[in-house]
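Computed over heavy atoms, backbone and side chain alike; hydrogens, waters and symmetry mates excluded.
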Amino acid sequence: MKLPCDSHVHSEWSWDTGGPLSDVAGTMERTCARAIEVELPALVFTDHADAGSWLASHSDVSEYPHLIHEGRMVPPRFDAAGYLASIERCRERFPQLRILTGVELGQPHLVTTEVSEHVDLAGLDRVIGSLHTLAIGDDRAEPAALYERWGAETVMWRYLEEMVVMVAGTEPYEVVTHLDYAVRTWPTGQAGPFCVETFEEGFREAMRAIAHSGRALEMSAARLRPWMPQWWAAAGGRAVSFASDAHLPGALGVRFADAVAMVEAAGFRPGAGIADLWWR
């Protein structure tokens, strides 16, 4: 089986990996080497391009203490020049691998103008958009922090509602990532196991909005959810991407064969090129 392009990969140029001056320096090159080992034909380095700050969760405080300022997560600006130089080095070292440029915009409906001041989004091969934070009064917080404050169902519904708002804009991103982001930190201990059927109409409404925007929907290989491509197709979704969301080389391409089977069952097929989206 020929594996598809991994369209959501991180390197040392993402702030949540540690950064290019940390012990993860060289992750991009090691990830390219790993791609060749697992026979991935192409990958897109979509490192985080965030702006602003948000309320820190308990896990943020423990994982990123150097980025916490007065109880807030304050990520550094994306170093576009350093990232692009690293891309060129990898293209020279691994000519047999198709390496695409990109960024992951967190809350593109809120940050695109600011990020565009230092990142040429139009010059990148693929820009993906994510919803990582929600409004809490005049502030923002990740679902993990909001589960500490609100009921679990409230957080999930708010997430799906804001997704509809996010994709209504015309910001230049091609793919909507991890629609199940708020599920990752669902508080099973206090709310019980997550039941997708409880939120089915919310997910379907979000998918209809994404389809109407003309964007593709990301399919995670790390978290296989067979209902997602099925509901996406029913919502009128035309295109999908495949993603590991790898932050370390070892996570690249994991379970991609299973993801391909899942997506094919919903009627999606490869595009013309090795790095193209899959279409229905």
Side-chain angles (χ1 to χ4, degrees), residues 6-10 14-18 46-48 50 54-64 67-68 73 75 104-108 128-136 140-164 166-167 173 175-200 202-207 210 217-232 240-248 250-256 258-259 262-263:
D6 192 335
S7 290
H8 188 165
V9 182
H10 295 273
S14 280
W15 58 263
D16 60 348
T17 64
T46 51
D47 286 306
H48 289 294
D50 290 309
W54 53 89
L55 297 174
S57 67
H58 292 312
S59 60
D60 289 333
V61 173
S62 61
E63 291 182 48
Y64 312 109
L67 299 179
I68 306 298
M73 276 287 296
E104 179 179 2
L105 289 175
Q107 297 71 245
I128 63 178
S130 303
L131 182 58
H132 292 139
T133 67
L134 302 175
I136 175 171
R140 306 284 300 184
E142 289 227 10
L146 294 174
Y147 284 133
E148 299 167 4
R149 295 169 169 81
W150 298 343
E153 289 197 6
T154 298
V155 176
M156 187 61 60
W157 283 115
R158 293 277 185 92
Y159 186 87
L160 295 170
E161 290 163 2
E162 184 154 351
M163 180 62 74
V164 173
M166 184 183 95
V167 301
Y173 59 99
V175 179
V176 175
T177 75
H178 44 57
L179 182 57
D180 60 347
Y181 187 73
V183 182
R184 295 183 180 184
T185 51
W186 176 265
T188 303
Q190 66 190 64
F194 178 75
C195 177
V196 69
E197 287 76 16
T198 301
F199 306 98
E200 179 173 347
F203 275 103
R204 289 185 182 273
E205 179 61 25
M207 289 180 182
I210 297 166
L217 183 63
E218 177 182 283
M219 296 292 149
S220 171
R223 298 172 177 85
L224 296 172
R225 305 195 190 278
W227 52 268
M228 190 170 288
Q230 298 291 338
W231 293 1
W232 174 235
V240 301
S241 67
F242 292 84
S244 64
D245 197 0
H247 286 64
L248 293 171
L252 189 74
V254 172
R255 303 180 73 183
F256 260 46
D258 294 333
M262 179 183 77
V263 166

*asked:* If you apply the rule side chain to side chain contact (heavy atoms under 4.5 Å, CB included), what do you find for R149 with V155, and how did you get there?
replied: CA-CA 9 Å; R149 295 169 169 81; V155 176; over 6 Å; no

*Under the 3.5 angstrom rule, does the side chain of Q107 hit a backbone N or O of T133 as a donor-acceptor pair?*
yes

*What pair of heavy atoms forms the shortest contact from V175 to S241, and how long is it?*
CG1-OG, 3.4 Å

_Verdict with supporting geometry, S244 and V9, side chain to side chain contact (heavy atoms under 4.5 Å, CB included)_ = CA-CA 7 Å; S244 64; V9 182; 4.3 Å; yes

*Atom CG in D47, atom NE2 in H8: separation rounded to 0.5 Å?*
9.0 Å

*How far apart are the closest heavy atoms of A221 and R255, and which atoms are they?*
O-CB, 3.4 Å

*Please report the C-alpha distance between M262 and M228 in whole Å, then the side-chain angles of each, then the deciding distance to 0.1 Å, and finally whether the side chain to side chain contact (heavy atoms under 4.5 Å, CB included) criterion is met.*
CA-CA 9 Å; M262 179 183 77; M228 190 170 288; 5.9 Å; no

*L179 and F203: which non-hydrogen atoms are nearest, and at how many Å?*
O-CE2, 3.7 Å

*Could you tell me the separation between the NE2 atom of H10 and the CH2 atom of W15, rounded to the nearest 0.5 Å?*
10.0 Å

_Which heavy atom of G250 sits nearest to which heavy atom of V254, and what is that distance?_
O-CG2, 3.5 Å

_How long is the straight-line distance from CG of L217 back to NE2 of H178, given to the nearest 0.5 Å?_
11.0 Å

*Rounded to the nearest 0.5 Å, what separation is found between the CD atom of E218 and the OG1 atom of T177?*
5.0 Å

*Could you tell me how the ring of Y147 sits relative to the ring of W186: parallel (under 30°), tilted (30 to 60°) or perpendicular (over 60°)?*
perpendicular

*Of all heavy-atom pairs between P75 and W54, which one has the smallest distance, and what is that distance?*
CG-CH2, 3.6 Å

*Is the number of heavy atoms from other residues, nucleotides or ligands under 6.0 Å of I68 CD1 greater than 12?*
yes

*Parallel, tilted or perpendicular: rings of F194 and F199 (30°, 60°)*: parallel

*Decide yes or no on salt bridge (charged side-chain N to carboxylate O under 4.0 Å, His left out) for D180 and R223, but give the supporting numbers first.*
CA-CA 9 Å; D180 60 347; R223 298 172 177 85; 5.6 Å; no

_Note, E200 side chain near W231 side chain (heavy atom, < 4.5 Å)_ = yes

*So do V176 and M163 actually touch side chain to side chain, heavy atoms under 4.5 Å?*
yes

*asked:* One pair to check against side chain to side chain contact (heavy atoms under 4.5 Å, CB included): E142 and M73. What are the steps and the verdict?
replied: CA-CA 10 Å; E142 289 227 10; M73 276 287 296; over 6 Å; no

*asked:* So, taking the atom named OG1 in T198 and the one named CD in E153, what distance separates them when rounded to the nearest 0.5 Å?
replied: 6.0 Å

_Could you check whether any side-chain N or O of Y159 sits under 3.5 Å from a backbone N or O of L131, counting only pairs where one atom can act as donor and the other as acceptor?_
yes

*Below 4.5 Å, heavy atoms only, C-beta onward: do V183 and R225 meet side chain to side chain?*
yes

*asked:* Quick check for you: to the nearest 0.5 Å, what is the distance between T154 atom OG1 and L134 atom CG?
replied: 11.5 Å

*Any idea which heavy atoms bring P108 and Y173 closest together, and the distance?*
CG-CE2, 3.5 Å

*Where the side chain of S220 meets the backbone of A222, is there a donor-acceptor pair that is under 3.5 Å apart?*
yes

*asked:* In terms of relative ring orientation, are H48 and H132 parallel, tilted or perpendicular, with 30° and 60° separating the classes?
replied: perpendicular

